[in-house]
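Each remark here refers to the structure printed beneath this line.
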Amino acid sequence: MNMYGRCNDALVTQGLEAGREKVGRIVGRDVVALDEAGICRAAIESLGESFSDGVVAPLFWAACFAATRDCML
């Protein structure tokens, strides 16, 4: 199970404090005042950032470099 699933499981089965503790491992914000919706938003935002950094950005730069290479030939 990934960290995002663990956040959800902790929130559902163990309550807000456990959800805050789990989401605090993957976000760089103060999680003390987060409610249930805030914990979910923080996890989703972190997932989106990871997807952007790990998938979208490399594909974007690969496409840019491929286009530049084709122009140089």
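Sequential numbering from 1 along the given sequence is applied to the chain's residues.
Shown here for Ser46 and Val27, the closest heavy-atom pair between the two residues is CB-CG1, 4.0 Å. Heavy-atom minimum distance, Lys22 versus Arg6: CG-O, 4.1 Å. For the pair Ile26 and Cys7, the tightest heavy-atom approach, listed with the atom from each and the gap, is CD1-SG, 4.0 Å.
Checked against side chain to side chain donor-acceptor pair (under 3.5 Å), Gln14 has no partners two or more places apart in sequence or in another chain. Residues passing the side chain to side chain donor-acceptor pair (under 3.5 Å) test with Ser50, sequence neighbours excluded: Tyr4. Every residue meeting the side chain to side chain donor-acceptor pair (under 3.5 Å) condition with Glu17, not counting sequence neighbours, appears here in chain and number order: Arg20. Listed by chain and number, the residues in a side-chain contact (heavy atoms from CB on, under 4.5 Å) with Phe51 are Val55, Val56 (sequence neighbours excluded).
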Which side-chain N or O atoms in residues 29-38 pair as donor and acceptor under 3.5 Å with protein atoms at least two apart or in another chain?
unit_1	atom_1	unit_2	atom_2	d
Arg29	NH2	Glu45	OE1	2.5
Arg29	NH2	Glu45	OE2	3.2
Asp30	OD1	Val32	N	3.4
Asp35	OD1	Gly38	N	2.8

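Pairs passing the side chain to side chain donor-acceptor pair (under 3.5 Å) check and including a residue from residues 51-67, sequence neighbours excluded, do not occur.
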For Leu11 and Cys40: C-alpha separation, side-chain torsions, deciding distance, then whether side chain to side chain contact (heavy atoms under 4.5 Å, CB included) applies.
CA-CA 9 Å; Leu11 183 61; Cys40 293; 3.9 Å; yes

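Alongside Ile44, the hydrophobic cluster contains no other residue (criterion: ILVMFWY side chains under 4.5 Å).
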